[in-house]
Peer 1: 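First the structure, which I've put down as C-alpha cells, then a few questions once you've had a look.
One is the number of the first residue; the rest follow in order along the sequence.
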Amino acid sequence: MGDMTATPASPSSDKRVLLAAPRGYCAGVDRAVIAVEKALEQYGSPIYVRHEIVHNKYVVQTLEKKGAIFVDETAEVPEGSIVMFSAHGVAPTVHQEAAERKLATIDATCPLVTKVHKEAVRFANEDFDILLIGHEGHEEVIGTSGEAPDHITLVDGPEDVENVTVRDESKVVWLSQTTLSVDETMETVDKLKEKFPKLISPPSDDICYATQNRQTAVKQMGAEADLVIVVGSKNSSNSVRLVEVALGAGAKDAHLVDFADEIDEAWLEGVSTVGVTSGASVPEVLVEGVLEWLAGHGFEDVEIVKAAEESITFSLPKELRRDLRAEAAALHKKQ
C-alpha cells in the first residue's frame with residue numbers, strides 16, 4: 001500500500017474511467033460535416049441537406065445554426081437550389097428527382113457506402129440474387145436497395161433467414177450495411193450459408209473499418225466495466241450497436257446518451273469502472289462533456305483502451321472540390 005502516513009485515500013480512489021480508442025468521428029462523417037460547412041462558406045446559406053447529414057442530434061443542430069436546412073424529401077427543396085446528399089447514400093431515383101427539380105447536387109455519401117452500392121450494381125448486372133444484411137428503414141439500406149430493387153432482398157438479422165427465398169441457389173451473394181454488429185452479421189451469414197451453401201461473399205468486408213474498430217475497443221473495455229456510456233444518437237445504427245456489443249462483452253450495464261446531462265446518477269450505484277466511447281458521428285466535445293460529468297462524480301482517473309490506429313481520410317465530394325479549385329484559380333489570376 002506504500003506510505004501509511006499519507007493522506008487516507010478518498011473513497012473515490014477505486015473509481016476509474018476506461019476511455020475507448022478509437023471512438024467518435026470516422027473519415028466518412030468528418031468528410032460529410034466539413035462538406036456542409038465548406039458549401040455554406042462557398043455558396044452561402046441556405047444549403048439544403050436531404051436527411052440528417054450524419055445521425056447526430058448535436059451536429060445537425062450546429063449546422064442548422066450555420067444555415068443548413070434539413071429536409072426529408074428532395075421535393076421539399078426549392079427548384080434551382082443546392083442540395084446535399086447525406087453520408088448514408090441515396091438511391092438512383094433521388095438523383096433523378098434532383099435533376100428534374102434542376103437542383104445542384106453535392107453528394108456526401110461515404111466512399112465506403114458507395115463501394116457497397118457499386119457491388120450491388122455489379123452483382124445485379126450479373127443477375128445474382130443479393131441478400132442485403134441490414135436494418136429495415138435505415139437510410140443506408142434504402143439507398144443501397146434502390147440500386148437494384150428487383151435483385152435485392154433485405155435480411156434483418158439471423159432470425160430473418162428462414163423467410164428468405166431466392167430464384168437460383170447457385171447465384172446468390174450477400175452484402176451488408178456498413179454499420180452493423182460484426183458478430184451478429186457473421187451469425188446471419190453462417191445461417192444463410194447453411195441455407196444456401198453456394199452463397200458468395202462480397203469481394204471485401206462491407207462493415208466499415210470504423211464500425212469494426214469501435215466495436216473491438218468496446219469489447220476490450222466492456223469485459224471490465226460495471227457501466228458503459230456510449231455517446232451517440234438513438235437513430236445512429238453504429239452507436240446503438242456499441243451498447244449491444246458492450247453488454248455482449250460482459251458490461252453489467254450500458255446506456256446511450258446524446259449529452260452528459262442525460263446520464264442518470266442512479267446508474268453509478270455500486271459502480272467502480274465506467275467505460276466511455278462514442279459512435280462514428282459524434283464530435284469529441286460531447287465525450288469531453290461526459291468525462292467532465294464523471295469527474296464531478298468522483299471518476300477522475302481516465303485510462304485509454306486502445307484497439308486500433310486510424311489514419312484514413314477521404315477527400316471532399318468532387319462537386320465541392322471542383323468549385324473550390326475554380327475559386328482558388330480565380331484568386332490566383334487576380335493576384
Peer 1: With a 4.0 Å cut-off, would you call Arg167 and Asp127 a salt bridge?
Peer 2: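 Looking at Asp127 together with Arg167, the answer is yes, because their closest N to O distance falls below 4.0 Å.
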Peer 1: I'd like to know if the side chain of Asn238 and the backbone of Gly279 have a donor-acceptor N/O pair within less than 3.5 Å.
Peer 2: no
Peer 1: Got a donor-acceptor contact below 3.5 angstrom from the Glu97 side chain to the Ala75 backbone?
Peer 2: no
Peer 1: Using a strict 4.0 Å threshold on nitrogen-to-oxygen distance, state whether Arg23 and Glu284 make a salt bridge.
Peer 2: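 Result for this pair is yes, salt bridge flagged.
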Peer 1: For Ala225, does its backbone N or O pair with a side-chain atom of Lys252 as donor and acceptor, under 3.5 Å?
Peer 2: no
Peer 1: Please give me the minimum heavy-atom distance between Phe299 and Val274, naming the atom from each residue.
Peer 2: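 For Phe299 versus Val274, the nearest heavy atoms are CE2-CG2, 3.6 Å.
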Peer 1: Do Lys115 and Asp206 meet the salt-bridge criterion of a basic N to acidic O distance under 4.0 Å?
Peer 2: yes
Peer 1: Counting N and O atoms only, with roles assigned by atom type, does the side chain of Arg214 sit under 3.5 Å from a partner on the main chain of Ala210, one being a donor and the other an acceptor?
Peer 2: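 Yes: the side chain of Arg214 pairs with the backbone of Ala210.
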Peer 1: Charged N to carboxylate O below 4.0 Å: is that the case for Lys191 and Glu187?
Peer 2: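 The answer is no: the pair does not qualify as a salt bridge.
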Peer 1: Would you call the rings of His138 and His88 parallel, tilted or perpendicular if under 30° counts as parallel and over 60° as perpendicular?
Peer 2: perpendicular
Peer 1: Checking ring pair (Phe, Tyr, Trp, His ring centres under 6.0 Å) for the pair Phe85/His51: CA distance, chi angles, key distance, verdict?
Peer 2: CA-CA 7 Å; Phe85 299 137; His51 290 307; 9.9 Å; no
Peer 1: Taking the side chain from Thr216 and the backbone from Gln212, do they hold a donor-acceptor pair closer than 3.5 Å?
Peer 2: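 At least one qualifying donor-acceptor pair exists.
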